[in-house]
Amino acid sequence: MTRRDALLGAVAAVSTATLAACGSGESGEGDASSSEVQKKDAGSIDDVHLRDKDDLYTVYDDSGIVTMWLTVSRGNPAENTDHSWAEINTYSVYDYAAMGVKRYQVCGLLQVGDDDGPSASEVGYGAQAPNATVQVRGQTSSRNAQKNYKIELKKGKGTWRSQRSIALNKHMGEGMRFRNKLAYDLIRGIDQMMGLRTQFVHLYVKDETGGATEPAFEDYGIYTQVEQLNKTALKAHGLDANGQLYKVNEFDFQRYPDIIKLADDPAYNLAEFEGLLEVKGSSDHQKLIDMLDELNDENHDMEDILAKRFDVENLTYWLAFQMLTGNCDTQNRNCYLYSPLNSDVWYFLDWDNDGMLRKYEMQLTGFTDYQSWERGVSNYWMNLLFRRALLCESFRDALDEAVEDVRSTLEDGRLPQMIGHYRSVIEERLYELPDSLNMPITHDQYGAVAAAIPDELEENYRSYKESLQKPMPFFIGVPVASGSQLKLNWDASYDFQGRDIRYTVELSSDYAFGTQLFSQQDVVIPEVTCDLPAAGQYFVRVRARTADGAEQDAFDYYVTDEGKHYGMKCFYVGADGSIAEDTYEE
C-alpha cells in the first residue's frame with residue numbers, strides 16, 4: 001500500500017466514524033452507543049504542578065500609588081488594643097519576648113483613597129468607628145526607626161481588594177524601596193512560581209491615643225503593600241485553603257523530634273514549633289513529619305523522596321530565581337512551604353525579596369555580607385533538603401535547565417523598563433520627609449544603584465556556574481584540648497566532580513591572620529594537632545582546595561562592625577586549658 005492509499009483509507013475511516021457519530025438513518029436519531037466522548041485524563045493530585053492565576057493581577061491597577069488614611073485609637077484590654085500609638089512604635093519583637101507579652105495593638109480606622117483624602121468607593125469611607133486593629137509586623141525590622149505595620153480589618157467591616165490582612169512594609173534598609181515589588185512583578189512571568197499582589201502605598205496616620213485635642217494626619221511616607229500569604233490568599237490564587245502552609249522562620253529540614261510534633265502531643269509547644277515553622281494553614285503536622293522522617297533517613301533514596309514529596313519543577317525554579325536575583329537570605333528562611341490537603345507534595349512559595357539584586361548597593365554602604373560561599377548552590381548546602389537534592393545528578397540537571405529558563409525570562413528586556421517606572425512613581429517622594437531621614441543612600445547614589453541592577457543578573461548567573469565547579473563549604477569543629485596539645489577538626493568537603501580535596505589549616509591570634517601560630521597545607525584527613533596556645537582569643541581558618549585550584553571557605557565566620565570574615569571559627573582558651581567556642585546572635 002502506498003502512503004497515498006494509506007492516507008485515503010484513514011480519511012475514509014474518519015468520515016465513516018463522523019457519520020456514525022452525527023447519526024444516520026431516516027429517523028434522524030443517532031445511535032448514542034456508537035459515539036465516543038473523549039475525556040482528558042484526570043491524573044493524580046500529586047502530579048499537579050504549581051500554577052498561579054494570571055487573571056487575578058488584572059483586576060486592579062497596581063502601577064501607581066494608593067493612599068491609605070489610618071486613624072488609630074485606644075481599644076480594650078480583652079482585645080489587647082488598650083495601648084498608645086507611641087507604645088506600638090517603641091517596642092520591638094524582642095522587647096515583647098523579654099516582657100513575655102503578645103505584641104501590642106491599637107484600634108484603627110482604615111480609609112483608602114488618594115492624596116486628597118478617602119474615596120467613596122473604598123473601604124471605610126464615611127465610617128466613624130474603628131474597622132481594624134493595627135500592630136507592628138516583622139522580626140529584625142521591628143527594631144527599625146520606621147516600622148512595618150499589619151492592619152487587620154475586622155470581620156464584617158469590609159475588605160480591601162478582597163483582603164482583610166494588609167501588610168505594609170517600609171524596607172528601611174533597602175535603598176531602592178521597590179525591590180520586593182519588583183520581585184513579585186518578575187515572578188508573574190515565571191509559570192512555575194506563585195507570586196503575590198503588591199502595591200505602593202502612601203500612608204498617613206492620625207494618632208488619637210496621644211492626648212492631642214485635634215490631632216492631624218501625619219505623613220508616614222512610602223510603603224509597599226504585599227498580599228498576606230494566608231488561607232485567603234491561597235484561595236484567591238487557586239490553591240487549597242485547607243492545606244498545610246508554613247512560614248519558614250529558621251528551618252534547615254532537620255527532623256527536630258523534640259520540637260516538631262503533632263499538635264495533640266502533650267509535649268507539643270507551639271511557640272517552639274513556630275520558631276522553626278510558623279503555622280499559617282492546617283495544624284495537622286503528620287504530613288510534615290512523614291516527609292522529614294524520610295528526608296532525614298539516608299536509607300531513603302533521595303530521587304524517590306523528590307518524586308514523592310516535592311514538585312521538582314517548582315523547587316528548581318524557586319531556587320533558580322533566588323540565585324539569579326542574589327536573594328541570599330533564603331537558605332533556611334524567608335519562604336513558605338505549602339501542600340494541598342489531599343496531596344503528599346510540598347511546594348515552595350516566594351516571600352521577602354528586599355535583599356535581591358543588591359550587591360552594588362551593599363558595596364556603596366560598606367556592607368560585606370553575602371560573599372564567599374553565600375553565592376550559587378553553595379549558599380544552600382547547609383540545608384538538608386537542598387544538600388541531598390544537589391547530590392542527585394538528575395536534580396542538578398533539572399536545576400540547570402531552570403536557571404537557563406529563568407535567566408532568559410529575567411533578561412527579556414522588562415527589567416530596565418520596570419525599574420524606570422518604579423523610579424518615576426516613588427523616587428522623588430523617598431527624598432522628602434519622612435523617608436529622607438532614613439534613606440541609606442544619597443539621591444545621586446540612587447540613580448547609580450538603579451542603573452547597576454540589570455547587570456547583577458549576569459553576575460549572579462556566573463556565580464551560580466562557578467559554585468558548581470567549587471568544593472562545597474563545611475563546618476569547623478570546636479577545637480579539643482588534650483594536655484599540651486590542641487586538635488583542630490572540621491567536616492569533609494564535597495566536590496561534584498569527584499576531585500581530590502586537600503585542606504589548608506591556619507591558627508592565629510587575630511581574625512586578619514597577620515600573626516600565624518600554626519599553618520599546614522595539603523592536609524588530607526580533616527584534622528590536625530598543634531601545640532595548645534596560652535590563654536586568650538584565637539581563630540582557626542580552614543580552606544578546601546582541589547588539585548586544579550578550585551577553593552572553598554568553611555561555613556563558619558567571624559563578625560565585626562565591618563561585616564563577616566569568612567571561613568574561620570573564633571574560640572577562647574581558658575587559663576585552665578578549657579576551650580570555649582565564640583557564639584553570637586546576628
Side-chain angles (χ1 to χ4, degrees), residues 250 252 328-329 331-332 362-363 365-376 378-383 387 463 466-467 470-495 501-546 549-586:
E250 194 66 42
D252 57 4
C328 300
D329 196 16
Q331 310 104 321
N332 301 322
M362 289 194 295
Q363 291 172 349
T365 56
F367 195 69
T368 60
D369 284 7
Y370 308 131
Q371 298 178 20
S372 182
W373 53 264
E374 291 185 293
R375 294 279 173 176
S378 53
N379 188 48
Y380 298 88
W381 191 250
M382 69 172 64
N383 186 303
R387 182 167 67 252
S463 293
E466 290 170 2
S467 70
K470 293 182 178 181
M472 289 297 99
F474 50 92
F475 284 104
I476 300 173
V478 179
V480 177
S482 178
S484 62
Q485 297 293 294
L486 181 70
K487 185 171 74 174
L488 307 175
N489 62 95
W490 58 95
D491 294 333
S493 179
Y494 179 86
D495 182 66
I501 298 175
R502 302 294 177 97
Y503 304 92
T504 298
V505 191
E506 301 165 280
L507 180 66
S508 178
S509 56
D510 69 277
Y511 68 85
F513 284 78
T515 302
Q516 287 195 350
L517 305 177
F518 174 81
S519 178
Q520 188 169 336
Q521 298 180 351
D522 291 327
V523 178
V524 177
I525 299 174
E527 68 175 46
V528 296
T529 301
C530 62
D531 292 335
L532 178 67
Q537 182 184 25
Y538 298 96
F539 300 84
V540 55
R541 182 167 65 186
V542 185
R543 286 193 175 115
R545 180 183 176 91
T546 62
E551 287 188 331
Q552 185 61 269
D553 293 320
F555 275 126
D556 310 84
Y557 51 81
Y558 181 67
V559 177
T560 66
D561 289 342
E562 290 75 36
K564 295 178 181 177
H565 304 273
Y566 291 88
M568 64 187 71
K569 178 183 286 291
C570 174
F571 67 98
Y572 294 83
V573 177
D576 60 353
S578 61
I579 304 295
E581 179 185 13
D582 181 43
T583 59
Y584 54 88
E585 294 183 6
E586 293 187 64

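Side chains included, hydrogens not; waters and symmetry mates left out as well; all remaining heavy atoms used. No experiment lies behind these values; they were computed from the predicted model shown.
- The shortest heavy-atom contact between Val573 and Ala534 is CB-O, 3.9 Å.
- Between Thr515 and Asp510 there is a side-chain heavy-atom pair separated by less than 4.5 Å.
- In terms of heavy atoms, Val559 sits closest to Lys564 at CG2-CG, 4.3 Å.
- Residues forming a side-chain contact (heavy atoms from CB on, under 4.5 Å) with Ala554 (at least two apart in sequence, or on another chain): Phe474, Ile476, Asp556.
- A distance of 7.5 Å separates OG1 of Thr529 from CG of Leu488, quoted to the nearest 0.5 Å.
- Evaluation of the salt bridge (charged side-chain N to carboxylate O under 4.0 Å, His left out) rule for Asp329 yields Arg333 as partners, not counting sequence neighbours.
- The 12-atom threshold is exceeded at CD of Gln363, counting heavy atoms of other residues, nucleotides or ligands nearer than 6.0 Å.
- If you take CD on Gln331 and CG on Asn379, they are separated by 4.0 Å, rounding to the nearest 0.5 Å.
- To the nearest 0.5 angstrom, Glu562 atom CD is 5.0 Å from Tyr511 atom OH.
- Ser378 and Phe555 make their closest contact through O-CE2, 4.0 Å (heavy atoms, listed as atom of the first residue, atom of the second, distance).
- Pro471 and Thr546 make their closest contact through CG-CG2, 3.7 Å (heavy atoms, listed as atom of the first residue, atom of the second, distance).
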Check your understanding: Would Trp373 and Trp381 count as a side-chain contact (heavy atoms from CB on, under 4.5 Å) if you check the C-alpha gap in whole Å, the side-chain angles of each, and the deciding distance to 0.1 Å?
Key -> CA-CA 9 Å; Trp373 53 264; Trp381 191 250; over 6 Å; no
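- What you find for Val505 and Val528 is that their closest heavy atoms are CG1-CG2, 4.0 Å.
- For the atom pair OG1 of Thr504 and CD of Glu551, the computed distance is 7.0 Å after rounding to the nearest 0.5 Å.
- Scanning both residues, Pro479 and Asn489, for their nearest heavy atoms gives CA-ND2, 4.3 Å.
- The main-chain N or O of Pro473 is never found under 3.5 Å from a side-chain atom of Ser493 such that the two would form a donor-acceptor pair.
- Counting heavy atoms from C-beta on, the side chains of Asp531 and Phe518 never come closer than 4.5 Å.
- Atom CD1 of Ile501 and atom CZ of Arg545 lie 12.5 Å apart (nearest 0.5 Å).
- The main-chain N or O of Arg502 is never found under 3.5 Å from a side-chain atom of Asp522 such that the two would form a donor-acceptor pair.
- Here the CZ-OG distance, from Arg375 to Ser467, works out to 11.0 Å after rounding to the nearest 0.5 Å.
- Exactly one of Glu374, Gln371, Arg541 qualifies for a side chain to side chain donor-acceptor pair (under 3.5 Å) with Tyr566. That residue is Glu374.
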Exercise for review: Under the side chain to side chain donor-acceptor pair (under 3.5 Å) rule, what do Asn332 and Asp252 come out as? Steps first, then yes or no, please.
Suggested key: CA-CA 5 Å; Asn332 301 322; Asp252 57 4; 5.4 Å; no
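- By the side-chain hydrogen bond (donor to acceptor under 3.5 Å, both in side chains) test, Arg543 pairs with Asp553, sequence neighbours left out.
- Of the N and O atoms on the side chains of Thr583 and Glu581, not one donor lies less than 3.5 Å from an acceptor on the other residue.
- A heavy-atom distance below 4.5 Å is found between the side chains of Gln537 and Tyr572.
- Just one of Tyr538, Phe513, Phe571, Phe539 meets the ring pair (Phe, Tyr, Trp, His ring centres under 6.0 Å) condition when paired with Tyr558; it is Phe539.
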